[in-house]
Every structure is written in structure tokens, then in C-alpha cells.
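Written below as C-alpha cells is the structure these notes are about.
Residue indices begin at 1 and follow the sequence shown. Note that these values count all heavy atoms, side chains included, but never hydrogens, waters or copies made by symmetry.
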Amino acid sequence: MKTIFLFVFTSILSISVYSQGITDTAILKPSLERATAAIRKAFEQGDAALVAQLHSPDVIKYFGDNHVIVGRDAVEKGARDWFQSAKVEFIENTVENTAFVGDIAIQTVIFAIKTTPKGGGAATIARGRSMVIYVQNRHSPTGWLTLREIAQEAPPQ
């Protein structure tokens with residue numbers, strides 16, 4: 001009985017996933033590229049309010065261990081705290097893969113962020129790989145909002 005149930009469940013799931021039109025159109029890709037550039041620019045300008053606006057109210061960001069950020073307000077607070085003490089600069093943003101499924105984009109990126117303390121001291125560079133799920137949203141300044149993000153250590157260069 002378990003085997004039959006598992007087979008039926010898997011079949012239904014497979015049919016529903018396959019039925020979703022996966023598109024990588026000439027319109028969506030440049031639109032997403034502009035949106036991700038806007039996010040990086042907001043960080044580099046130290047604009048915590050804009051960083052927050054580019055994230056869904058229901059965003060969840062996973063950064064390893066127990067470091068999880070939940071909600072747009074938490075994103076804004078974290079960004080504001082970071083910007084008060086440091087200048088932030090994206091020095092690498094290499095897109096590995098982008099997939100579009102309906103109004104959702106899933107993107108993996110190798111990134112490097114340079115953080116320079118405003119009070120002096122040596123800059124640090126954090127390099128990682130992220131997978132971000134974006135959703136199209138007409139209320140976003142760019143047309144896209146970050147819905148989920150997970151980051152891990154990047155592979156060696």
C-alpha cells in the first residue's frame with residue numbers, strides 16, 4: 001500500500017511540476033539582471049530602506065548556522081546596522097545559473113562582498129555562493145522581490 005501511495009504521489013507531483021511552463025525569455029532575463037544590479041547598488045549606497053523594499057515582506061534569508069533573517073523589517077534593520085559601521089561593496093557577482101518558472105526566478109551566484117569599517121581598520125572580503133528565489137511583483141521598484149535566499153561558502157577559486 002505504501003508503495004502504491006508513493007507512486008501515485010510522485011506521479012501527481014511530477015505532472016504538476018512538468019506542467020509549469022519554464023521560460024527563460026529575452027524579456028525576463030534582462031529584467032532580473034536590472035533588479036539584481038539595483039539590489040547591489042542599494043547596498044553600495046548604504047540605502048537600507050531601498051534594500052528592504054527590494055525584498056518581500058515574507059522574505060527568509062539563511063546565512064549558515066542559526067543566522068536566519070525573517071521579514072522585510074529584519075532585512076532593513078540588519079542592513080541599517082551594517083551600513084552605520086561599514087561601507088559595503090560587491091566586488092564579484094558571477095551568475096552560475098538562472099531558471100524562470102512562471103513569475104518566479106531562481107538564481108545561483110558566486111559573490112564577494114568587501115566590507116570596509118568606517119572607523120578605520122582593514123577591509124574584509126566575504127565570498128560565497130547564494131541561491132535566491134525572486135518573485136515578480138508590481139509593487140517592487142524593479143518588478144522583482146527577493147523571496148528566499150540561502151548562502152554558503154563559495155568553492156575555491
Give me the atom names and distance for the closest heavy-atom approach of [X] to [Y].
X	Y	value
P117	T115	CD-O, 3.8 Å
R80	A49	NH2-N, 4.4 Å
A48	F83	N-CE1, 3.7 Å
S56	L145	N-CB, 3.8 Å
A123	T116	CB-OG1, 3.5 Å
V59	T146	CG2-O, 3.5 Å

*Verdict with supporting geometry, I91 and I125, side chain to side chain contact (heavy atoms under 4.5 Å, CB included)*: CA-CA 9 Å; I91 58 173; I125 296 175; 3.6 Å; yes

Hey, does [Y] have a side-chain heavy atom less than 4.5 Å from the side chain of [X]?
X	Y	answer
H67	D65	no
Q136	L28	yes
F111	E92	no
V68	F63	no
E149	Y62	no
I104	I133	yes
V51	I39	no

*asked:* Tell me whether the count of non-hydrogen atoms from other residues, nucleotides or ligands lying under 6.0 Å of NZ in K87 goes above 12.
replied: yes

*Do other residues, nucleotides or ligands put more than 12 heavy atoms under 6.0 Å from K118 NZ?*
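Result for NZ/K118: enclosed.
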
*asked:* Pairing donors with acceptors under 3.5 angstrom, does anything connect the side chains of Q107 and T98?
replied: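 The answer is yes; a qualifying pair exists.
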
*Could you tell me whether the side chains of H55 and K61 share a donor-acceptor contact shorter than 3.5 Å?*
yes

Taking the basic N atoms (NZ, or NE/NH1/NH2) and the acidic carboxylate oxygens, is any pair closer than 4.0 Å for [X] and [Y]?
X	Y	answer
K77	D73	no
E76	R72	no
R129	E96	yes

Within this structure, what is the [atom1]-[atom2] distance for the pair [X] and [Y], rounded to the nearest 0.5 Å?
X	Y	atom1	atom2	value
Q152	S130	CD	OG	9.5 Å
Q157	I110	CD	CD1	9.0 Å
I113	E44	CD1	CD	9.5 Å
L54	K41	CG	NZ	11.5 Å

*asked:* I'd like to know if the side chain of S140 and the backbone of T142 have a donor-acceptor N/O pair within less than 3.5 Å.
replied: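 Between the backbone of T142 and the side chain of S140 there is a qualifying donor-acceptor contact (under 3.5 Å).
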
_If we ignore hydrogens and angles and just use 3.5 Å, is the side chain of R127 paired with the main-chain N or O of P155 as donor and acceptor?_
yes

*side chain to side chain contact (heavy atoms under 4.5 Å, CB included) between T94 and V109: does it pass, once the steps are laid out?*
CA-CA 5 Å; T94 304; V109 172; 5.6 Å; no

*Give me the ring orientation class for F100 and W144: parallel if the planes are under 30° apart, tilted from 30 to 60°, perpendicular past 60°.*
tilted

*Say whether M131 and Y134 are linked into one hydrophobic cluster, either directly or through other cluster members, by side-chain heavy-atom distances under 4.5 angstrom.*
no

*Does L147 share a hydrophobic cluster with V101, counting links as ILVMFWY side-chain heavy atoms below 4.5 Å and allowing steps through other members?*
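Looking at the clustering, V101 is in a separate group from L147.
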
